[in-house]
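As the structure lists them, so they are numbered: ligands from 1, and atoms in each ligand from 1.
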Amino acid sequence: MLAPAKTNASLMARRRAALPHGLGQGFEIFVDRAEGAEVWDVEGRRYIDFAGGIAVLNTGHCHPALVQAMQQQLARYTHTCFQVLAYEPYVALAEKLNALAPGDFAKKSFLMSTGAEAVENAVKVARAYTRRSAVVAFGGGFHGRTLMGMALTGKVAPYKIGFGPFPAEVYHAKFPCELHGVSVDDAMASIEALFKYDVEPSRVAAIILEPVQGEGGFYIAPPAFAQRLRALCDQHGILLIADEVQTGAGRTGTWLACEQWGVAPDLITMAKSMAGGMPLSAIIGRAEVMDAPAVGGLGGTYAGNPVAVASALAVLEVFEQEHLLARSRALGDRLQLGLRALAARHGAIGDVRGLGAMVAIELFKPGAPRQPDPELTRRVVAEAAQRGLVLLSCGVYGNVIRILVPLVATDALLEEGLAVLDESLHAASR
Ligand SMILES: Cc1ncc(COP(=O)(O)O)c(C=O)c1O
């Protein structure tokens, strides 16, 4: 007897019965295959992918160079545990990551598997080095779903609801966002307020921030803010951590977004696109800071998996061979141009912004003062999916549509995607 055809609906029914409710799913779509910036579902429908698996696919789905590198690695060895039996590609990747990070000082790196683990480990290293406990993060920030990741995250729903208590000694300051009335001065004042009301700066190990808030709404930290944070950290012996899990690996037009700050962080976390879809993350930092934890204090059974490392090394080669940093900037410009043209036609689009190819629109209700429109945002995303375009929303107000299209997408595909977005905005506004 023939097995029944797999449909999105039948697979959703199995998913609902077998998987917990808390594991969200943006769309009722099951993937069959993917290539570049396109995906086909189990029913043969094609989608343009403007989500990139949440910023993981800067080099696109199934890049042939990555597939080949992984296949070759699969045939040699897939796991030894780096702390038991080491392998050269891990060291080669660390050397390359050290060389690519900003700052005129010696650096060291180590690898983990997820973004949240990178954040956890950056905090561990900062605490070990400074022998201090407190960490300052920002409202609207997202740093992962582990306990410390959740503590650092500055967005309650849905990430923190019902999961407390969280690790102590985490404080949230304001992230600068002129659009919503928070200036760089306001944000700096909110840190000074923490130092006055909550925690003395001499007890603060680190300040952690995303150069562009990802889940929080694609709000860009002005370089002037990073520079003032750097000065504040230097004044008080605090370490500055750039969480580049979403911004890193070329998304913002430079390999790391913090290269555009004009000052260097002490520690950097990376994950997502650095290995093009394989679970790999990195902590990069000042050599003397990274050497603070005791031997055996860092690591993990799967951390720095050889197949993921092979993929990450191939990502770096693809970036060079295909000039993907230049492409990131060009693609960002093209997207912003297209989105500004849409904004001229759709009054709901109140802001178009981006850094490199990390681009977003923000939707508001009509009338003044402008109120965020999360319902319209949800409708636009749903209409787009029906028309074959995968979009992601984000933002503390749920009213931002972010674009994380693979950098290998052609201009024709971008235009096709923007045209679908145009139609979806029309349909959702009716
Ligand atoms: C800035 C940032 N930090 C940390 C994380 C957590 O990464 P992961 O989901 O791989 O644990 C994310 C994920 O979106 C992120 O955007």
Problem - No-hydrogen, no-angle side-chain donor-acceptor test under 3.5 Å, Glu322 and His63 - result: yes
Practice task
Fit a plane to each ring of His180 and Tyr219, take the angle between them on a 0 to 90° scale, and name the class: parallel (under 30°), tilted (30 to 60°) or perpendicular (over 60°).
Solution key: perpendicular
Problem - Ion pair Glu362/Arg370, N-O distance below 4.0 Å - result: no
Handout entry: Salt bridge present between Arg286 and Asp266 (N-O < 4.0 angstrom)
Key = yes
Handout entry: Phe319 and Trp255 aromatic centres sub-6.0 Å
Key = yes
Handout entry: Atom-level proximity to ligand 1, residues with heavy atom under 4.0 Å
Key = Thr114, Gly115, Ala116, Phe142, His143, Gly144, Glu210, Glu215, Asp243, Val245, Gln246, Lys272
Exercise for the section: Report yes or no: is the cationic atom of Lys174 (NZ for Lys, CZ for Arg) closer than 6.0 Å to the six-membered ring centre of Phe138, at no more than 45° off its axis? Expected result: no
